[in-house]
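Single-structure report; data block below.
Everything numeric in this text was worked out from a predicted model, so none of it was measured.
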Amino acid sequence: MKEYKFIFKNIWKASPTYIGVNALNVVLQYITFAVSLLFYKVIVDLFIYGQPEMKKVIAGLVIFYALKIVCESYNNWVVNIFNNLQQIKIREYVSSLIYHKCKNIDIECYEEAEFYDEYARAIDDGPGRLQDTANLVSSFLAALLKIGTVIGLFFSLGYIFIIVAVIYCVQSWLTLKLTNRLFYRGYLLDTPINRRTDYINGIFKGYQYVKELKLYRAYDFFTRRFAYMKDQLKSLKKRRVADLLKILFTSNLAGSCLKAFVNIYVIYQIVQGRYTVGDFTLVFASVIALSESVSGIINTLPNLKNNKKIIGSLIRLLNQEERAYGNATLSEKEQVEIDIEDVSFAYPNEKERNVLSHISLQIREGEKIAIVGENGSGKSTFLKLLMGLYEPTEGKMAIGGREYFEYDREEWRKLFGVVFQDYLIYQVSIAQNILFKENLDEEDEKLVWEALEFSGLASKVRSLEKGINSVLFREFSEEGVFLSGGEYQRLAI
C-alpha cells in the first residue's frame, strides 16, 4: 500500500483538485449506470404489461437523458481537458523530486547495474505513472461498483445468476493472473534492451558523434547492433503474443459459453411466465455490464501491478541513502591546506583491486601541483576523491583541517573548478554553459566576459551575431552555432 500512499500524497501536493474532481466523476458515472439498468426494465414492462401515461413517460425520458448528457459532458471534460492539464503539473512536480535526488546520489550508485536499471525505469517512466495509476484506480473502483450492483440485481432474480457471476469472476481472475505474470516478465526482459537501443538512438542524434559515424566503421557497427537488439525485442514479443493469444482465446470461449447459458435460461423463464420481458432486458444489460466491468478489471490490474513496481523503483530511488554532510564553511581569509593521509581506494564493483594505495600528500595554499602518471594509474580517480565524489576505502582527505563530509555539500563543491577529460558542452547559450543561469544581470555578464578572456575565447564570441547569448547546436534553436574542437575546450575551461 505504500506505493498508493506515495501516489496520492504526491498528486495531492502537485494538484489538490485532481483527486476530488475525479472522485466526483466516478460517482456520477456510477449513478448513470445504475439508473440506466433499471430505467429500461421499467419502460419495457410498463408498455407491455400496463397502460402508461405518455406525459409521465416523456417526462421520465427527458429527465433520464438530461442526466446522461450532464454526466457524460462532465466525464468528457475531466478525461480530455482537466486531466491533461493536471498531467503537466504532476509530471513537473515528480520530475523535480527525481532531479533533486539525482543531484545528491553518490556517483558509485550509477556503476551498479541493478541500481542503474531501476534508476532508468524511475526516471523514464516514474513521472507519468503517478497520474496513470490514479486513473487506473478510478477505473478499478468504478468497475467494482458496477460488479457489486449487478450481483445485487442477480441476487434478487435467483441464485443461479450468482453462481454464474462467481464462475465468471473466478475465470476472469485466472486470466488476469496469467496475463499479469506474462506482461511483467516481458517488461523486465525488455528494459535492458530498450536502454541499449536508446543509447544508440542518442549516438545517431548527437552532434558529437557525427564525425566518427562518417569516417570510421561506427555506422555499420552500431546499425548492426541496433538491428540485433530489435530482433531480440521482436523475438521476445512474438513469444509473448503467442502465449497471450492462448490465454485470451480460452478466456473468451469460457465467457461466451456463460453468457449464452444465461440468455437461454432467462428466455426459458419468460416462456414459463416466471420472468417479465423487462427482466430479460435487465439481465441482458447486466450480463453485458458484468462482462465489460470484469474485462475492465482484467485490463486494469496488470497495469496497476506493473505501475506499482515502477512506482516502487521510484520510491527506492527517492529514498536512496545519501551521504551525511555537516555545515562547516571556509572563510575567504582562512589559510587553506589540503592534507591527504594514507589514502587507498577501490571502485565498488572491483573491491578486490585498489586503484590507489596508501597515498599521502600535503598541498599548501598558492602551490601549483602536477600529478603525473601513466594511463589508468588513478590520476582522475584521485581528483574525484578530493572532490568528495567517492569516499576513500582507507585514510582521509581534509581541507582546512576538516574532511569533506564535515562541510556543507554546496560549500565544498564551490572549492573546485574541474575540466574532466570527458568534459561536456550543453545545448544552451554560451553564457548559460558558463554560469548555468537563466537570466543574466549586468554583473553576471561581466563575469562571463572575464571567463572568456581568461580562456582565450572572447574574440571568437564577439564575432558571433548574438555574442554570449549565442545558442550552441540546434536542439533548442534553429540559429544554433557550432565551434571548433579547440574552442569547445576553451569554453569548458
Side-chain angles (χ1 to χ4, degrees), residues 88 91-92 95-105 107 110 123-124 127 198-216 218 222 330 332 368-371 379-380 383-384 386-389 408-493:
I88 299 168
R91 288 182 71 97
E92 182 183 5
S95 293
S96 69
L97 294 179
I98 294 172
Y99 297 157
H100 179 75
K101 186 68 181 183
C102 292
K103 175 188 171 188
N104 297 326
I105 288 176
I107 196 169
Y110 293 87
I123 204 165
D124 288 342
D198 287 344
Y199 170 74
I200 295 174
N201 280 330
I203 288 174
F204 282 94
K205 212 166 63 170
Y207 170 76
Q208 65 270 38
Y209 298 105
V210 170
K211 295 185 292 293
E212 282 81 358
L213 287 172
K214 290 182 178 298
L215 288 174
Y216 306 122
F222 283 113
L330 273 170
E332 290 184 11
K368 294 180 174 65
I369 303 293
I371 299 172
K379 301 184 298 297
S380 296
L383 288 177
K384 290 173 184 174
L386 187 59
M387 290 181 290
L389 294 175
D408 174 79
R409 186 196 302 265
E410 297 303 322
E411 285 293 316
W412 179 270
R413 288 175 179 166
K414 284 178 186 177
L415 298 174
F416 301 94
V418 185
V419 179
F420 291 108
Q421 57 204 28
D422 54 347
Y423 66 87
L424 295 172
I425 300 297
Y426 298 91
Q427 301 201 27
V428 292
S429 76
I430 289 171
Q432 289 166 338
N433 262 283
I434 294 170
L435 279 188
F436 292 105
K437 195 172 180 182
E438 194 67 40
N439 299 306
L440 276 63
D441 57 28
E442 191 175 330
E443 188 63 31
D444 293 329
E445 290 187 10
K446 183 181 175 183
L447 278 172
V448 169
W449 281 113
E450 284 177 4
L452 291 169
E453 291 284 358
F454 173 80
S455 65
L457 193 60
S459 59
K460 171 65 179 181
V461 175
R462 285 194 183 96
S463 71
L464 300 174
E465 185 181 345
K466 294 186 178 179
I468 60 173
N469 295 313
S470 301
V471 174
L472 298 174
F473 310 108
R474 298 285 168 83
E475 192 73 30
F476 291 102
S477 172
E478 296 300 321
E479 300 173 355
V481 299
F482 297 90
L483 305 178
S484 70
E487 288 165 343
Y488 286 129
Q489 288 178 335
R490 289 178 182 277
L491 179 58
I493 292 168

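Side-chain contact check for V481 versus L472: some heavy-atom pair is nearer than 4.5 Å. Between F454 and I493, some side-chain heavy-atom pair lies under the 4.5 Å cut-off. A 4.5 Å side-chain heavy-atom check between W449 and V461 finds at least one atom pair inside the cut-off. Contact annotation: the side chain of K466 approaches that of E479 to within less than 4.5 Å [non-hydrogen atoms, C-beta and beyond]. Residues N469 and L440 fail the side-chain proximity criterion, which asks for heavy atoms closer than 4.5 Å.
Separation of the F436 and Y426 ring centroids falls under the 6.0 Å cut-off.
The CD1 atom of I203 sits 3.5 Å away from the CZ atom of F222 when rounded to the nearest 0.5 Å. Separating the CG atom in L435 from the CD1 atom in I468 is a distance of 8.5 Å, to the nearest 0.5 Å. E487 CD to I430 CD1: the interatomic distance, rounded to the nearest 0.5 Å, is 9.0 Å. A distance of 9.0 Å separates CG of D441 from CG of L447, quoted to the nearest 0.5 Å. Distance check: L491 CG to L483 CG gives 7.0 Å after rounding to the nearest 0.5 Å. Within the model, atoms OH of Y99 and CD of E92 stand 10.0 Å from one another, a figure rounded to the nearest 0.5 Å.
Under the side-chain contact (heavy atoms from CB on, under 4.5 Å) test applied with Q432, the options K437, Q427, E438 reduce to a single match, E438.
Listed for the R91 side chain is no donor-acceptor partner under 3.5 Å among the backbone atoms of P127.
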Take I425 and F473 through the side-chain contact (heavy atoms from CB on, under 4.5 Å) test and state the conclusion after the steps. CA-CA 10 Å; I425 300 297; F473 310 108; 3.9 Å; yes
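Scanning both residues, S380 and Q421, for their nearest heavy atoms gives OG-OE1, 3.7 Å. Closest approach of G485 and Y423 over heavy atoms only: O-OH, 3.9 Å.
Ion pair R462/E453 flagged as a salt bridge, since at least one NZ, NE, NH1 or NH2 atom sits closer than 4.0 Å to an Asp/Glu carboxylate oxygen.
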